[in-house]
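All values below were derived from every heavy atom in this structure, side-chain atoms included, with hydrogens, water molecules and symmetry-related copies excluded. Remember, predicted model here, so these are calculated numbers, not experimental data. Indexing begins at 1, ligand by ligand and atom by atom, following the structure's order.
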Amino acid sequence: MTTSINREKKIIEILQKQGSASIQELTEAFGVSSMTIHRELDKLAEAGIVQKKHGGAALAVPSPNQCAMCNKPISERTVFIVRLESGEQKRACCAHCGLMIQSQSKDALQSLTADYLHGHIISADQAVYILGSDLTVCCVPSVLSFGSRQDAQKFQKGFGGTIANIEEAIKYLHH
Ligand SMILES: [Zn+2]
Ligand SMILES: [Zn+2]
């Protein structure tokens, strides 16, 4: 799990540096099978970060950078992506708007969100949320996503708020 996350980060770094990379290059850079690289790239492509091309990948052309809920510009640090059965993706500025969109869409598939501490893309279902912290990064009440409970607790020590899972976070927003 951790190695996959590190790999994701490194792949993005490589693509940022050189614009694109071949599967072979990436396989060699990480010493893993091309299957693994393909899987990694599929995940990043689903999140709209990379675009797979024949034999390799490039950074995706930035998708609409406005929140589908409140029209605020989206920061990659807090982005929340709701994927619909139709294949459409709705991008939100933060978990606050993202969870609102998700709970209002009947055909939402598993959503993705950025880990606020590390910036990588995680599954929204498995994320740990901090509700109503003193530090407001985007929308109010603040909802931030974390990849692990430890990270969320670290953040909570400094900035307060309540730790919650996705159901609790949605309930909180509907109050
Ligand atoms: Zn928003
Ligand atoms: Zn927001």
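Here Asp151 pairs with Lys154 in a salt bridge; the nearest charged N to carboxylate O distance falls below 4.0 Å.
Rounded to 10°, the angle formed at the Zn ion (ligand 1) by SG of Cys70 and SG of Cys97 is 110°. At the Zn ion (ligand 2), the angle from SG in Cys94 to SG in Cys138 is 110° when rounded to 10°.
Look at Cys93 and the Zn ion (ligand 1): an N/O/S atom of the residue is under 2.8 Å from the metal. The nearest N, O or S atom of Cys139 is not closer to the Zn ion (ligand 1) than 2.8 Å.
Between the side chain of Arg91 and the backbone N or O of Ala68, no donor-acceptor pair lies under 3.5 Å.
Summarising the local packing, CD of Glu168 is surrounded by more than 12 heavy atoms from other residues, nucleotides or ligands at distances under 6.0 Å.
For the side-chain contact (heavy atoms from CB on, under 4.5 Å) test with His96, the passing option among Cys67, Ser142, Cys139 is Cys139; the others fail.
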